[in-house]
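One structure is given here, and the rest of the page talks about it.
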Amino acid sequence: MSVSGRSFFFRFNAYLYTMSSHPIGIFDSGYGGLTVFRSIAALLPQYDYIYLGDNARAPYGNRSYETVHQYTLECVEWFFKMNCPLVILACNTASAKALRTIQQVDLPRIAPNNRVLGVIRPTAEMIGSYTDTNSVGVLGTRGTINSGSYEIEISKFFPEVSVHSLACPMWVPLVEYGEYNTDGADFFVGKYLQQLLAAAPDIDTILLACTHYPLLADKIKKHLPQGVKAISQGPIVADSLAEYLQRHPETELQLSKTGDVRFYTTDDTADFDNHASVFFGEKVRSTHLRLGHI
Ligand code: DGL
């Protein structure tokens, strides 16, 4: 077969594969969602997955509602083109600022049978069961904290729990730029934790309400007084997805189950692969995705 014939053959096979597979889409502004995806893939390895990090436009944390909605929707529409019947926004900022509009306004218009889920509600449903003092700290990006989403959602499930929130705007850049093991990271981790605990000394549970923060977990633990625990969302979201799929056979039956995992990034693939392997705990090989406007 000629070279051009072979290349057509491979592209045609890739096209056929894409058309026959119905993966779960996992989305984040960058690397953070990989901490959630890692737990999901460990608990539910039978499904096919596509992970997309919008690294070219990360971080989302300080961006407006309109921008976060526009960026997230573009990515969700791409997942739908890739045949994903179900997309998880493994990003608190996108869950806080874009999910509701996507579920209520966009989905009925563009794909009424597809589903998009976030990470805030499943976490809010569980977090009250970790605290003995009924006092929980929530750390996240400015976008997540200013949205008040955690206060609203936690009060629905645990009205007796008081929620003390603090934005940690330096933490995502530390992680995105690979500085999470440095003295600089120590300084900023200590700074925000002291601020939170000084404002509410009875806190015994701190929710890491940003999917980037588990990369700082060792430093966070080092700065926490005894008896105060930090909770990452990955295992909570994975359990909640497993339950969701049990309760929704109409979605579950659409999903393909060959254990195939693919990674896409809107930025440089070599950079993504290096960093992503740390977040995901396994070697990652990504494909570049060019969204229309980038
Ligand atoms: N990982 C995202 C989250 O959970 C935030 C990262 C960003 O600011 O883009 O909120």
Side-chain angles (χ1 to χ4, degrees), residues 25-40 51-76 87-100 102 116-124 127 137-151 153 165-180 185 188-189 192 206-217 220 230-238 240-241 263 265-267 271-272 275-276 278-280 291 294:
I26 313 269
F27 169 74
D28 183 49
S29 59
Y31 301 110
L34 290 162
T35 63
V36 171
F37 182 27
R38 189 174 178 164
S39 300
I40 291 176
Y51 182 91
L52 170 61
D54 191 8
N55 299 76
R57 300 184 293 192
Y60 280 15
N62 291 331
R63 296 191 188 276
S64 68
Y65 272 89
E66 290 70 26
T67 305
V68 173
H69 171 245
Q70 182 206 324
Y71 288 179
T72 308
L73 180 60
E74 281 168 5
C75 294
V76 165
V87 177
I88 311 295
L89 304 185
C91 173
N92 288 272
T93 311
S95 300
K97 295 180 111 168
L99 179 63
R100 185 183 299 214
I102 288 176
V116 180
L117 306 174
V119 290
I120 295 180
R121 195 186 167 98
T123 312
I127 197 67
V138 174
L139 300 177
T141 64
R142 279 203 182 112
T144 300
I145 298 304
N146 292 347
S147 74
S149 302
Y150 274 100
E151 280 87 346
E153 290 299 322
S165 302
L166 182 69
C168 307
M170 288 303 293
W171 285 11
V172 168
L174 284 170
V175 172
E176 282 285 314
Y177 293 107
E179 298 286 337
Y180 47 88
F188 284 109
V189 165
Y192 294 130
I206 294 182
L207 171 64
L208 305 183
C210 171
T211 55
H212 280 65
Y213 296 175
L215 265 276
L216 293 165
I220 292 170
I231 306 293
S232 299
Q233 294 175 291
I236 298 176
V237 174
S240 160
L241 176 60
F263 297 89
T265 175
T266 54
D267 209 343
D271 257 10
F272 183 87
H275 284 94
V278 177
F279 281 76
F280 194 58
L291 289 173
I294 296 177

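Computed over heavy atoms, backbone and side chain alike; hydrogens, waters and symmetry mates excluded. As the structure lists them, so they are numbered: ligands from 1, and atoms in each ligand from 1. Being a predicted model, the structure only gives us computed values, none of them experimental.
- The contact set between ligand 1 and Thr93, taken as ligand atoms under 4.0 Å from a residue heavy atom, comprises 3 (C), 5 (C), 10 (O).
- Neither the backbone nor the side chain of Asn62 comes within contact range of ligand 1; no heavy atom lies under 4.0 Å.
- Those atoms of ligand 1 that come under 4.0 Å of a heavy atom in Asp28, given as number and element, are 1 (N), 2 (C).
- In the model, Tyr150 has a side-chain atom that pairs as donor or acceptor with a side-chain atom of Asn92 under 3.5 Å.
- A donor-acceptor contact under 3.5 angstrom links the side chains of Asn55 and Thr265, judged on distance only.
- Using 4.0 Å as the threshold, Ala58 has no heavy atom nearer than that to any atom of ligand 1.
- Set against the non-hydrogen atoms of Gly61, the atoms of ligand 1 under 4.0 Å away are 7 (C), 8 (O), 9 (O).
- Close approach of ligand 1 to Tyr60 (heavy-atom distance below 4.0 Å) involves ligand atoms 7 (C), 8 (O), 9 (O).
- Residues Ser147 and Thr144 bring no donor and acceptor atom of their side chains to less than 3.5 Å of each other.
- In the vicinity of Ser29, heavy-atom distances shorter than 4.0 Å reach the ligand 1 atoms 6 (C), 7 (C), 9 (O).
- Contacts between Thr141 and ligand 1, counted as non-hydrogen atom pairs separated by less than 4.0 Å, involve the side chain only.
- Given atom 3 (C) of ligand 1, the protein heavy atom at minimum distance is Asn92 N, 3.2 Å.
- Remark: aromatic rings of Phe188 and Trp171 are distant, center separation not under 6.0 Å.
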**OP:** Check the pair Lys97, Glu66 against salt bridge (charged side-chain N to carboxylate O under 4.0 Å, His left out), reporting the backbone distance first and the verdict last.
**Re:** CA-CA 8 Å; Lys97 295 180 111 168; Glu66 290 70 26; over 6 Å; no
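- Of the possible donor and acceptor atoms, one in the side chain of Thr266 sits under 3.5 Å from a partner among the backbone N and O of Ala56.
- A perpendicular orientation is assigned to the rings of His212 and Phe279, their planes being inclined by more than 60° (bins at 30° and 60°).
- For an aromatic pair to be called close, the ring centres must be under 6.0 Å apart, and Tyr51 with Phe280 fails this.
- Among protein heavy atoms, atom 2 (C) of ligand 1 sits closest to Cys91 SG, 3.4 Å.
- For the pair Cys210 and ligand 1, the shortest N or O to N or O distance does not fall below 3.5 Å.
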